[in-house]
Every structure is written in C-alpha cells, then in structure tokens.
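Here's the structure, in structure tokens; my notes come after.
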Amino acid sequence: MRIDHRLECGTGLATLVDQVAEGREPEDPRHQAACSHCQATLAQLDRIWGEVREVAREEVTPPYSVVATVIDRIRRGLLSLPAALDFPLEQVVPELVRHALLDAERGTTRIADAVVVDVVRAAAHRVPHARLLGGRDGRLGRSAGWLSRDGIAVEVAHGSVGIALRLGIDYGTSVPAIAAAMRAAVIAEVEALTGLRVTRVDIRVEDVFLDGAE
Amino acid sequence: MVLRTSDRHLIEAARAGDLLAFETLARRHETRVYRVALRMLRTPVEAEDATQDVLLQAWQGLPGFRGDSSFPTWLYRLTTNRCLNILRTSHPSNPLPEHLLGGETADEQVEHSLRLEAFKRAVMGLTPEQRAPFVLREFEGLSYQEIADVLSTTVSAVKSRIHRARVELVSALAPWR
C-alpha cells in the first residue's frame with residue numbers, strides 16, 4: 001500500500017493514520033461519523049495503535065550482567081591488577097547478586113557468583129598442603145563486582161569468571177608447585193561444572209603451617 | 001521515598017573517575033538504552049551487546065558530554081547511532097524468531113500474543129532509518145524536537161520519517177488493500 005492510498009470514499013489513509021497515532025480531531029468529523037469506509041479503517045487503526053501502546057508499556061529489563069560487564073571492562077582498563085581482596089569496605093554492597101550468563105540456543109543460563117565460590121571451595125579443599133584463609137581476615141561481602149568470602153573472591157562476567165584466592169600452605173612444600181596444582185584444580189572444576197571460562201586465578205600465599213596442621 | 005543523587009552530580013563524579021558513580025548512573029539509565037536496542041535490533045543478545053557498547057562509549061565520552069542536551073537524550077543518540085551501525089554492517093537475517101523479541105507473553109491469550117508478535121515483526125520490517133524515529137516516538141514517547149536532537153536532523157524530517165513508518169506498518173498489518 002502506498003502512502004497516498006485513498007479509501008473508497010476518497011479519504012486519504014495517511015490522514016486517518018495521523019489522526020489515530022497523534023490522537024487528533026478528525027479533519028471532517030461529519031463525513032467520518034457517517035462513512036463506513038472511514039469507520040472500518042479507524043477500527044483497524046485503533047487496534048494497531050492499541051498494540052503500539054501495549055509494546056510501549058511492556059517491561060523489558062536488561063540482564064544484571066550487562067552493567068556488571070561494562071564496569072568490569074572499564075576497571076580492567078583502569079587497574080592493572082585485580083585487587084579483589086583489597087577493596088575498601090565502604091565499597092561493599094552486600095545486597096547485589098551477580099550472575100554469569102551462558103547463552104544457549106533456546107534460552108540463557110545464569111549462574112550466581114556464590115555458586116562459583118562454592119565450586120572453587122570444593123575444588124580447593126581437595127588440593128593437599130594448602131588451605132583457604134577465610135575467617136576474620138577473609139573479607140565477606142561484595143566489593144565492586146567481586147564476591148569475596150572464605151578466602152575466595154570471584155567476579156563473574158558474561159561467559160567467564162575471574163578468581164582470586166588467599167592461601168596458607170604447609171611448611172616445606174613448594175609455593176609454585178602448590179599454586180600450580182591449586183590453579184589447575186580450580187580451573188578444571190569450575191570449567192567442568194559451570195561451563196564458564198576461567199580467565200585467571202590469582203593466588204596469594206599469606207600463611208604457612210609449620211606442622212602441617214593449625 | 002528513596003533519596004536519589006541527581007544525574008548531574010553522578011556525571012561530575014564519574015567524570016572525575018568515580019566508577020561507583022558511573023555504575024549508579026548506568027543502572028539508572030540502562031533500561032532506556034536496552035529498550036531502544038531491543039526494538040531496533042533482532043535479538044535480546046544483540047540488544048545486550050549494544051547496551052554494553054553504548055555504556056562503555058558513555059564512560060569514554062563523559063568528559064566530552066557538555067550538557068547541551070539532557071543525559072537521556074545523549075544516551076538515546078549513542079544508542080541509535082550504535083544500533084544503526086550494527087544494522088548497516090550486519091546482513092539482514094531471516095524472518096525474526098518471534099519468541100526472541102522479549103516480553104512476557106506466556107500468560108496471555110494465544111491469539112492476542114500472536115498479533116503482538118506480528119506487530120513487532122512489522123516494526124522490524126521498517127527500514128532502520130524509519131525504525132529509529134518510530135521507536136523513539138511511539139515506544140519512548142519522545143517529542144519530535146527531542147527526536148530531531150537525538151538523530152541530528154530537523155523536526156520536519158523526523159515527522160515525515162515517522163509518518164512513512166506508520167503508514168508502512170499499517171499496510172504490513174492491515175488486511176485491507
């Protein structure tokens with residue numbers, strides 16, 4: 001149909017479209033009220049504009065991860081090292097839940113960062129000669145994108161996760177070897193169980209156990 | 001009532017490098033960006049990517065944001081530019097998978113939701129140049145003047161593009177000829 005299409009009564013379709021879309025008064029109210037062509041067309045247009053308004057009212061919400069990823073990308077550009085365990089407490093925002101997002105063919109899967117923490121914890125417990133340092137020094141709560149608890153900090157993004165760990169290791173064992181074993185175990189477990197790509201595992205060794213026990 | 005820091009204060013803080021201020025600002029306005037992107041592009045995933053691009057661009061462009069237009073207008077401009085670029089560089093896809101268009105229709109009458117999907121497909125059938133002003137006008141409720149600012153064109157050009165878009169849409173949806 002062309003923009004200058006006219007109804008059988010001679011009224012321009014464009015005129016009626018504008019009338020309905022803009023909520024204008026009819027140009028020729030007497031003709032319109034009596035004309036069956038105009039009335040039928042107006043009924044169609046009213047229906048279509050009902051749909052316009054309905055779509056306009058539809059609530060669409062972007063996934064939480066959208067802004068989180070943006071902030072993450074900005075921060076990676078700003079800071080050379082993720083200092084996950086060093087954020088000042090005033091930046092901690094405990095109520096926010098962040099999710100990693102996996103796109104599938106028919107839907108999306110969201111994984112809360114707390115789930116990733118649990119997976120990391122389970123993997124870390126199986127590595128000998130090392131222990132996570134939680135407790136009073138392991139920061140709890142969230143800081144600017146990171147969830148930090150029990151000596152584990154994770155930061156989820158769209159399909160990936162960054163991880164930081166605070167560890168104590170048994171005296172007499174090799175730090176590089178333990179760190180490598182820990183890193184490999186955490187990456188394997190997280191990638192296998194969640195499907196997320198682990199972008200990095202930063203490890204900080206902050207205690208040593210002299211007799212292999214506390 | 002929730003106490004809100006004004007956009008202006010957040011913008012100033014964000015310009016000075018305060019990332020939390022920017023995050024607040026981004027969360028406040030992301031839905032606007034996402035909504036336009038969703039109506040301009042084909043899938044929610046595309047809309048999410050575009051929203052991220054726009055917000056990153058906003059962060060980078062904040063120092064140059066002089067406040068001549070309102071912050072939402074500026075964001076709308078970044079968003080439509082981004083979407084138009086995406087549409088120009090990507091190949092037109094096959095008919096849109098209607099279930100990907102967003103919105104909850106599960107509880108609605110089937111016939112009604114089908115009509116709504118047909119309507120959304122018809123919007124996607126508009127040329128990008130018609131779709132942008134149409135979306136800003138009909139879905140975002142902007143005035144012709146605001147749309148002209150967003151699209152850097154004249155009010156009369158906006159009016160004529162929206163008018164054509166409406167007639168296109170009607171002819172795609174109406175069974176009469």
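First the proteins, then the strands, lettered A, B, ... as listed; each starts at 1.
In this structure, the separation between CD on A/E58 and NZ on B/K120 is 3.5 Å, given to the nearest 0.5 Å. Rounding to the nearest 0.5 Å gives a distance of 5.5 Å between CG of B/L56 and CD1 of A/I74.
Taking the side chain as every heavy atom from C-beta outward, A/E51 and B/E117 never approach each other to under 4.5 Å. Contact check for B/Y34 versus A/T61: no side-chain heavy atoms found under the 4.5 Å cut-off. In this structure, the side chains of B/V167 and A/H5 stay at 4.5 Å or more apart for every pair of heavy atoms. With a 4.5 Å cut-off on side-chain heavy atoms, B/Q52 and A/V67 do not count as touching. Looking only at side-chain heavy atoms (C-beta outward), B/R166 and A/D18 come within less than 4.5 Å of each other. No side-chain heavy atom of B/W59 sits under 4.5 Å from any side-chain heavy atom of A/V70. The side-chain heavy atoms of A/R75 and B/E23, taken from C-beta on, include no pair separated by under 4.5 Å. Here the side chains of B/V170 and A/W49 are in contact, with some heavy-atom distance below 4.5 Å.
Among B/L38, B/V33, B/T31, the one residue that satisfies the side-chain contact (heavy atoms from CB on, under 4.5 Å) test with A/P62 is B/T31.
For residues 20-36 of chain A, a heavy-atom distance under 4.5 Å to chain B picks out A/A21, A/E22, given by residue number.
B/R27 forms a cation-pi arrangement with A/Y64, by the criterion of a distance under 6.0 Å to the ring centre and an angle within 45° of the ring axis.
Of all non-hydrogen atoms in B/F139 and A/V52, the two that sit nearest each other are CE2-O, 3.5 Å.
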Check: What's the verdict on side-chain contact (heavy atoms from CB on, under 4.5 Å) for A/T69 and B/E48, showing C-alpha distance, side-chain angles and the deciding distance?
Finding: CA-CA 11 Å; A/T69 306; B/E48 285 168 30; over 6 Å; no
